[in-house]
Amino acid sequence: MLRTAGLALSVLALTFGEAPAQDFPSRPIKIVVTIPPGGAPDLAARLLAERMSQTIGQNVLVENRTGANGNVAGEAVAKSTPDGYTLLLAADSLIAINPHVYVKMPFDTRKDLVAISSVASNQFFLAVNPGLPVNTLPEFVDHARKAKSPLPYASGGNGSQHQLGIEMLKQRAGIDLFHVPYRGGSPAGTATMSGETMVVLAGASSAGHLRSGKLRGLATTGRKRSPLFPEMPAIGEFYPGYDLTIWLGLFAPAGTPESVVAKLRGEVQKAFTDPEVLKRLNVTGALEPMLLPPAEFDALMNKDYEKYGKLVRDIGITIK
């Protein structure tokens, strides 16, 4: 009798425990983005939110929470209720770089978050202020070597991939540049256009500025050239082995029911296989969908965690 009663209570508890997941969502969902409006994570989040609002039966909102290279947004989501209503759209820098850069992290990126899905991949464009008298990467390297003082370069924040990418180039090319951090890639691009800084690794959202001449593109950071700018060489063509490709992912707080995670993963898959969404996602020519199976995404995160850990130690970047 006790065994039967215990079984009944277990079934009852399981049933009530699963009810929220079965009914999910019953209210609006919020996607927190780590950067200001305008950058690649923000673009991807807004496309996803718009598509999900049409298919999931609830409004999906986007909230931009900047600071500490994504730590502010990441902590807010990691410490929120694990029910699927507060999500994080972040670049790999938060997950795989920040833990090595910050002496004290406010949360554990690998234990306090659960990956819902990879979303997209992107590469940067090495770009300069058009007033700088260079038109190619070799000319830039030569100019930097001869400069009386280090040229200032903008980044999306201390420990950001913008910074790591430039620092990698500095090592490979044997040049010195002065780092000026901003709160996101979009402000960093604006600073370079205005002349506050001279160099930036511009993201997908800056493609229009590259076309208009407000920024002068010299090279791409990925393994291959950008389809949008096929005439622009990859840095790796001059310095073999150089590769900086970023990925974006959607995350939830650890402890979120697997059934909720699975439902959200399905929504991501639907959104980023929709032709209209893909057209708008790739309007910049640099942002492409990246929908990996969960195990492959986990393997990529672990691989990049180790790769960037070594790079950060080699460069000696530390933020207290």
Side-chain angles (χ1 to χ4, degrees), residues 21 24-25 29-35 39-58 60 62 70 73-74 77 84 86-97 109-110 113-124 161 203-205 207 220-224 226-228 243-254 256-305 307-308:
F24 179 84
I29 296 171
K30 178 171 64 178
I31 300 177
V32 181
V33 181
T34 59
I35 65 166
D42 180 70
L43 171 63
R46 292 184 186 279
L47 288 173
L48 177 60
E50 181 181 327
R51 184 67 169 82
M52 283 179 60
S53 294
Q54 298 168 359
T55 61
I56 207 167
Q58 292 288 339
V60 181
V62 174
V77 174
T86 304
L87 309 176
L88 174 73
L89 201 147
D92 47 359
S93 57
L94 171 61
I95 307 300
I97 297 176
T109 63
R110 297 199 292 178
L113 294 171
V114 59
I116 295 171
S117 177
S118 57
V119 172
S121 65
N122 184 23
Q123 65 174 317
F124 291 115
Q161 281 193 312
S205 61
T220 63
T221 66
R223 297 182 186 90
K224 57 184 181 180
S226 166
L228 188 63
D243 174 38
L244 187 69
T245 303
I246 69 171
W247 49 257
L248 310 177
L250 186 68
F251 299 85
T256 301
E258 177 54 36
S259 54
V260 171
V261 171
K263 186 166 187 176
L264 289 167
R265 183 177 296 127
E267 290 298 322
V268 173
Q269 297 281 334
K270 283 192 290 186
F272 291 105
T273 53
D274 179 272
E276 182 58 31
V277 173
L278 295 181
K279 181 180 178 181
R280 294 169 63 189
L281 179 71
N282 199 36
V283 68
T284 61
L287 197 56
E288 300 178 354
M290 187 182 78
L291 301 173
L292 300 177
E296 289 186 24
F297 189 31
D298 286 342
L300 175 62
M301 288 189 286
N302 290 331
K303 177 183 176 183
D304 281 357
Y305 188 91
K307 178 182 77 173
Y308 286 120

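The shown structure was predicted, so the numbers you read here are calculated from the model rather than taken from an experiment. All values below were derived from every heavy atom in this structure, side-chain atoms included, with hydrogens, water molecules and symmetry-related copies excluded.
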List the steps, then state whether side chain to side chain contact (heavy atoms under 4.5 Å, CB included) holds for Val62 with Lys30.
CA-CA 6 Å; Val62 174; Lys30 178 171 64 178; over 6 Å; no

Hey, is Glu258 close enough to Lys263 for a salt bridge, meaning N to O under 4.0 Å?
no

Asp92 versus Met301: any side-chain heavy-atom pair under 4.5 Å?
no

Main chain of Phe124, side chain of Thr221: is a donor-acceptor contact present, judged purely on distance under 3.5 Å?
yes

Within the side chain of Thr109, is there an N or O that forms a donor-acceptor pair under 3.5 Å with the backbone of Ile95?
yes

Run the numbers on Leu87 and Val77 for side chain to side chain contact (heavy atoms under 4.5 Å, CB included), then give the verdict.
CA-CA 6 Å; Leu87 309 176; Val77 174; 5.7 Å; no

If you look only at pairs with a residue in residues 243-254, which of them pass as a salt bridge (Lys or Arg N to Asp or Glu O under 4.0 Å), with sequence neighbours excluded?
Arg223-Asp243

Which atoms form the tightest heavy-atom contact between Leu281 and Leu43, and what is the distance?
O-CD2, 4.0 Å

Check whether any side-chain N or O of Ser226 sits under 3.5 Å from a backbone N or O of Leu228 as a donor-acceptor pair, and report yes or no.
yes

Ignoring hydrogens, what is the shortest heavy-atom contact between Ala115 and Asp298? Give both atom names and the distance.
CB-OD1, 4.5 Å

To the nearest 0.5 Å, what is the distance between CD1 (Ile56) and NZ (Lys270)?
7.5 Å

Nearest heavy-atom pair of Ser117 and Leu291: which atoms, and what distance?
OG-CD2, 4.2 Å

Rounded to the nearest 0.5 Å, what separation is found between the CG atom of Asp274 and the CZ atom of Arg280?
9.5 Å

So, the side chain of Thr256 versus the backbone of Ala252: is there a donor-acceptor pair under 3.5 Å, distance only?
no

Test side-chain hydrogen bond (donor to acceptor under 3.5 Å, both in side chains) applied to Thr55 - qualifying residues, sequence neighbours left out
Glu267

Does some side-chain heavy atom of Leu292 sit less than 4.5 Å from a side-chain heavy atom of Leu300?
yes

Mind listing the closest non-hydrogen atom pair of Asn122 and Ala40 along with its distance?
ND2-CB, 3.8 Å

On a heavy-atom basis, the closest approach of Ala271 and Leu48 is CB-CD1, 3.7 Å

Atom pair CD1 (Ile97) and CD (Gln161), whose distance is rounded to the nearest 0.5 Å
4.0 Å

Is there a side chain to side chain contact (heavy atoms under 4.5 Å, CB included) between Ile31 and Leu250 once you walk through the steps?
CA-CA 9 Å; Ile31 300 177; Leu250 186 68; 4.3 Å; yes

Is any NZ, NE, NH1 or NH2 atom of the basic residue among Asp42 and Arg46 found under 4.0 Å from an Asp or Glu carboxylate oxygen of the other?
yes

Please report the C-alpha distance between Ile116 and Phe251 in whole Å, then the side-chain angles of each, then the deciding distance to 0.1 Å, and finally whether the side chain to side chain contact (heavy atoms under 4.5 Å, CB included) criterion is met.
CA-CA 5 Å; Ile116 295 171; Phe251 299 85; 5.7 Å; no

Measure the CD1-OG distance between Ile246 and Ser93 for me, rounded to the nearest 0.5 Å.
7.5 Å

Of all the heavy-atom pairs spanning Ala45 and Val33, show the shortest one and how long it is.
CB-CG2, 3.4 Å

Crowding at NZ, Lys307 (>12 non-hydrogen neighbours, <6.0 Å):
yes

Taking only residues two or more places apart in sequence or in another chain, which ones pass ring-ring contact (aromatic ring centres under 6.0 Å, His included) with Phe297?
Trp247

Any donor-acceptor pair under 3.5 Å linking the side chain of Ser118 with the backbone of Met290?
yes

